[in-house]
Amino acid sequence: MSQVRVRFAPSPTGFFHIGSARTALFNWLYARHTGGVFVLRIEDTDQARNSDEFLNLIYDSLSWLGLNWDEGPKAGGAFGPYRQSERAHIYREYLEKLKAAGRTYEKDGAVYFKLIGERSEVFDEHRKKTVTKVAAAPSVIDDQIRGRVERTEDEDFVIVRSDGNPVFHFVNVVDDIAMKITHVIRGEDHLSNSSKHVELFKAFGAPVPSYAHIPLILKQNGPGKMSKRDQGALIEEYRKRGFLPEALVNFLCLLGWNPGGDREKMPIAEIIQLFDLPGVNQSNARFDEKKLAHMNMAYLLELPADRFVATAREYFERQARESELPKPALVADAAYFREIMLLAQPKIKGLEELPAYTAYFFTDDFAIDAKVKEKVMAKGDPKARLNELVAALPAMDFSSDTAIEEAIKKVAAEKTLGFGDYQAVARLALSGTNAGPSITSMFRVLGRERVRARLERLL
RNA sequence: GUCCCCAUCGUCUAGCCUGGUUAGGACACUACCCUUUCACGGUAAGAACCGGGGUUCGAAUCCCCGUGGGGACGCCA
């Protein structure tokens, strides 16, 4: 058996979305699983809608997700060029083969592919016009996921536009032949196209590749498949929002595939080992952002400290760049920044929460939650507790969380109170809210002077 | 309208191929536990085999028909 060659063939006509990412991912996984070759081919035959911005977005998104390609733009390879806009000479050559075989004809300036079979005029109610139907033999698609699918292509179709540009069906098949693609893994929306493609492969006398039509991703709410316009559809959005690519990849793998049993969170190396086409589901999956968020949290939680801090900094930098608002976190001392991020890491569900969660560490001018203040100040004698803490501060050992905890417990013991009697009011004074890291670590990281100033401010 | 694909908790799914399970897990939701707040974590609860026929001693599992969902029907890709 020769080496597996798969390709991901996006067109740079729009933002890179979840569905494309998963198609790329499944191709990549299959290539890695089989030790095959993952080809990136840019299908930019629609000159009117192509853009360099979208092209670069394809490169960036794939790279961010970790889906490296073995052949393609930037990577090179023996079957290039890998942008269809640069392959016109190849299409001309293949068109000649079809012409020589008598499988084409011209009409209205366009070149049509001629099916084999008897022709008759039929009125198409859906399209409200008379079309020429061909009584052709059924095309057989041998699909690794769906089994044997039969579909009869019953109309000749355009392969070269009247402006001379070849169309998708033609270039897609020509390139798959020329690039020696062995497996075509693509969305189920292409299943109906496959009969056209199979007929073209046969007309060229080329072997038909093995197909695998993967289920579609449906939008979270409402009917239909997810499209670029839907909420949460764009890869770029997750990147901006600070999702970890490894979490997104893991989640995407599970949308339509699983290794059987209960495994969900898995390192990519293990997924590569387990992934195979017959394990891919046949039914469409609805996108669930909540589950993705949970997966992201799980990955965030286990990120090594250095990587978490670096990732957090990247996130803050990106935010600063895109919103152009002052970001106090970025001008903070690196060691101080690190301490705070490590306090936040086990607490947050996503990087998005980071700015709000840590804001009061980076500025003295933080908001105080009025409702929380009202509640905290109404219970017991909070001002007395603050005074006692302020009085104890000069002698307090700030060297560790446990030392601070002991010191506060000592203050409490003297009044025959507990740690809890100081916790809420101190937290309010230090952060203006009622949620956050442990109060002792807040003391330690903020430092004696800042703690004193903030405690006194509430008196 | 025609053709193609699909069908297990609200969602993602295991189980189906090779019929016999208290139909399992995860997300979400609820309760409790843990706890110095908030999270995390733990425990528990609720929650599904689309309907009908057939085959069979026995069907989520095999077959057929409905129904429902999705896709395709461009000189877009």
- Message: Does Ala424(A) reach a base, just sugar-phosphate, or nothing at all? Heavy atoms under 4.0 Å.
- Response: nothing
- Between Tyr82(A) and the options Arg41(A), Glu71(A), Arg7(A), the side-chain hydrogen bond (donor to acceptor under 3.5 Å, both in side chains) test singles out Glu71(A)
- Note on the structure: Here the pair of heavy atoms bringing Leu428(A) nearest to Val372(A) is CD1-CG1, 4.0 Å
- Message: Heavy atoms only, 4.0 Å cut-off, all strands: where does Asn172(A) land among base, sugar-phosphate and nothing?
- Response: nothing
- Quote, to the nearest angstrom, the C1' distance that separates G69(B) from U11(B). 15 Å
- Select base, sugar-phosphate, or nothing to describe what His169(A) touches, counting heavy atoms under 4.0 Å on all strands. base
- Query: If you check the Arg151(A) side chain, which of A77(B), C38(B), C4(B) turns out closest?
  - Reply: C4(B)
- Message: At less than 3.5 Å, do the side-chain atoms of Lys290(A) and the base atoms of A28(B) form a donor-acceptor pair?
- Response: no
- Would you mind classifying the nucleic acid contact of Glu150(A) as base, sugar-phosphate or nothing, using non-hydrogen atoms under 4.0 angstrom? sugar-phosphate
- Message: Under 4.0 Å, counting only non-hydrogen atoms across every strand here, what does Arg127(A) touch: a base, just sugar-phosphate, or nothing?
- Response: sugar-phosphate
- Of the candidate nucleotides C75(B), C38(B), A77(B), which contains the atom at the shortest distance from the side chain of Ser11(A)? A77(B)
- Please determine which of Phe308(A), Phe316(A), Tyr315(A) meets the ring pair (Phe, Tyr, Trp, His ring centres under 6.0 Å) test together with Phe337(A). Phe316(A)
- What nucleic acid atoms does Leu254(A) come within less than 4.0 Å of, heavy atoms only: base, sugar-phosphate, or nothing? sugar-phosphate
- Message: Looking at A77(B), I'd like to know if its phosphate oxygens (OP1 or OP2) sit under 4.0 Å from a side-chain N or O belonging to Thr45(A).
- Response: yes
- Task: Would you mind classifying the nucleic acid contact of Pro223(A) as base, sugar-phosphate or nothing, using non-hydrogen atoms under 4.0 angstrom?
- Result: sugar-phosphate
- Message: Check this one for me: any side-chain N or O of Lys225(A) less than 4.0 Å away from OP1 or OP2 of A72(B)?
- Response: yes
- Query: Ser438(A) near the nucleic acid: base, sugar-phosphate alone, or nothing, with a heavy-atom cut-off under 4.0 Å?
  - Reply: base
- Query: So which nucleotide does G46(B) pair with, by the Watson-Crick or G-U wobble rule with both distances under 3.5 Å?
  - Reply: none
- Message: Run His190(A) and Phe168(A) through ring pair (Phe, Tyr, Trp, His ring centres under 6.0 Å) and show every step you take.
- Response: CA-CA 12 Å; His190(A) 283 294; Phe168(A) 162 73; 5.6 Å; yes
- Item | Side chain of Asp288(A) - closest among C75(B), U36(B), U11(B) | U11(B)
- Item | Identified ring pair (Phe, Tyr, Trp, His ring centres under 6.0 Å) counterpart of Phe251(A) within the set Phe287(A), Phe243(A), Tyr238(A) | Phe287(A)
- P atoms of C32(B) and A39(B), separation to the nearest Å: 14 Å
- Query: What's the closest nucleotide to the Gln423(A) side chain, out of G71(B), U13(B), U37(B)?
  - Reply: U37(B)
- Note on the structure: Separation of U2(B) atom C1' from Glu153(A) atom CD, nearest Å, is 13 Å
- Provide the distance between the two P atoms, one in U43(B) and one in G25(B), to the nearest whole Å. 11 Å
- Task: Determine which nucleotide pairs with G1(B), using a 3.5 Å limit on both distances of a Watson-Crick or G-U wobble pair.
- Result: C73(B)
All N/O pairs under 3.5 Å across the protein-nucleotides 39-47 of chain B interface:
residue : atom : partner   : partner atom : Å
A39(B)  : O2'  : Lys347(A) : O            : 2.8
C40(B)  : OP1  : Lys349(A) : NZ           : 3.2

- Item | Distance, C1' atom - from U56(B) to G42(B), rounded to whole angstrom | 45 Å
- Query: Hey, is NZ on Lys410(A) packed in by over 12 heavy atoms from elsewhere, all under 6.0 Å?
  - Reply: no
- Query: When the C1' atoms of A45(B) and C64(B) are considered, how many whole Å apart are they?
  - Reply: 40 Å
- Does the cation-pi check pass for Lys347(A) over Tyr357(A), that is, NZ or CZ under 6.0 Å from the six-membered ring centre and within 45° of its axis? no
- Task: Could you tell me the separation between the CG atom of Asp369(A) and the C1' atom of C38(B), rounded to a whole number of Å?
- Result: 13 Å
- Query: Looking across every strand, which nucleic acid part, if any, lies under 4.0 Å from Glu264(A) by heavy atom: base, sugar-phosphate, or nothing?
  - Reply: base
- For Gly256(A), answer base if it contacts any base atom (sugar-phosphate contacts may also be present), sugar-phosphate if it contacts only those atoms, and nothing otherwise; contact means non-hydrogen atoms under 4.0 Å. sugar-phosphate
- Query: How about Glu199(A) and Ser139(A): does a side-chain donor come under 3.5 Å of a side-chain acceptor?
  - Reply: yes
- Message: Going by the rule salt bridge (charged side-chain N to carboxylate O under 4.0 Å, His left out), which residues pair with Arg444(A) if we only count those two or more places apart in sequence or in a different chain?
- Response: Glu339(A), Asp401(A)
Show each protein N/O and nucleotides 6-8 of chain B N/O combination with a separation under 3.5 Å, one pair to a line.
residue : atom : partner   : partner atom : Å
C6(B)   : OP1  : Gln282(A) : OE1          : 3.0

- Check whether the side chain of Ser162(A) and the base of C75(B) form a donor-acceptor pair under 3.5 Å. yes
- Task: Could you let me know what A26(B) is paired to, Watson-Crick or G-U wobble, both distances under 3.5 Å, or none if it's on its own?
- Result: U11(B)
- Over how many whole Å does the gap from Leu417(A) atom CG to U36(B) atom C1' extend? 14 Å
- Side chains of Ser11(A) and Gln84(A): does their closest heavy-atom pair fall under 4.5 Å? no
- Message: Does a side-chain N or O of Asn434(A) approach OP1 or OP2 of U37(B) to a distance below 4.0 Å, or not?
- Response: no
- Atom CH2 of Trp257(A) to atom P of A26(B): distance rounded to whole Å? 18 Å
- What does Asp124(A) touch in the nucleic acid at a heavy-atom separation under 4.0 angstrom: a base, only the sugar-phosphate, or nothing? nothing
- Stepwise ring pair (Phe, Tyr, Trp, His ring centres under 6.0 Å) check, Phe157(A) with Tyr112(A): CA-CA 5 Å; Phe157(A) 53 91; Tyr112(A) 281 71; 8.7 Å; no
- Message: Does Gly224(A) reach a base, just sugar-phosphate, or nothing at all? Heavy atoms under 4.0 Å.
- Response: sugar-phosphate
- Assess the side chains of Ser85(A) and Asp44(A): does a donor N or O sit below 3.5 Å from an acceptor N or O? yes
- Distance-only donor-acceptor test (3.5 Å): side chain Arg427(A), base U37(B): yes
- Message: Other residues, nucleotides and ligands only: do more than 12 of their heavy atoms fall within 6.0 Å of CD on Glu302(A)?
- Response: yes
- Task: If G41(B) has a Watson-Crick or G-U wobble mate with both distances under 3.5 Å, name it; if not, just say none.
- Result: C33(B)
- Message: Rounded to whole Å, how long is the line connecting atom CG of Leu430(A) with atom P of C38(B)?
- Response: 17 Å
- Query: Which nucleotide in the set A72(B), U36(B), C76(B) lies at the smallest distance from any side-chain heavy atom of Ser192(A)?
  - Reply: A72(B)
